[in-house]
Amino acid sequence: MSKNAKELLQTELVQAKEQLANLDRQLQHRPDFGLGEGSPEIITWEMNLARRNVLTQRIEEIEQALERDSTGDYGICEYCGTEIDPERLRILPHTRRCVRCANIPMGSKPPAYVEEKALE
Ligand SMILES: [Zn+2]
């Protein structure tokens, strides 16, 4: 991982954790659901909860990317083992897959190029 990418991820991690702490504070004030579905307070609360889920996932992704960097696995596709295009990493620094493998669902049959790679 380039120094730049790493700094970017670390900054993002700090920001994401701050946002998470903020959200958690707001989520503590759970509105009275007796207000009825569709009341603004409840909608805000539910939106915050959804944002919290996105954020925790993001934090996990960043932490894993930094972890892979420390073990030297960063930038290697977890699926086919080829190097991930640096341009792709620049846009998606936490990605674990190359562009070819990006849309293969986990656990599905590997495409031919992955099997060829395994035979090498
Ligand atoms: Zn791949």
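Order of listing sets the numbers, starting from 1, for every ligand and every atom in it.
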Tally of protein N/O/S atoms under 2.8 Å from the Zn ion (ligand 1)? 4

Residue list, salt bridge (Lys or Arg N to Asp or Glu O under 4.0 Å) with E7, at least two apart or on another chain: K3

Any residue meeting salt bridge (Lys or Arg N to Asp or Glu O under 4.0 Å) with R100, in chain and number order, not counting sequence neighbours: none

What's the separation between atom CD1 in I76 and atom CZ in R96, rounded to the nearest 0.5 Å? 13.0 Å

Compare every heavy atom of W45 with every heavy atom of Q26, then report the nearest pair and how far apart it is. O-CD1, 4.3 Å

Per the ring-ring contact (aromatic ring centres under 6.0 Å, His included) rule, what does the pair list look like for residues 60-97, sequence neighbours excluded? none

Check whether any side-chain N or O of R88 sits under 3.5 Å from a backbone N or O of R97 as a donor-acceptor pair, and report yes or no. yes

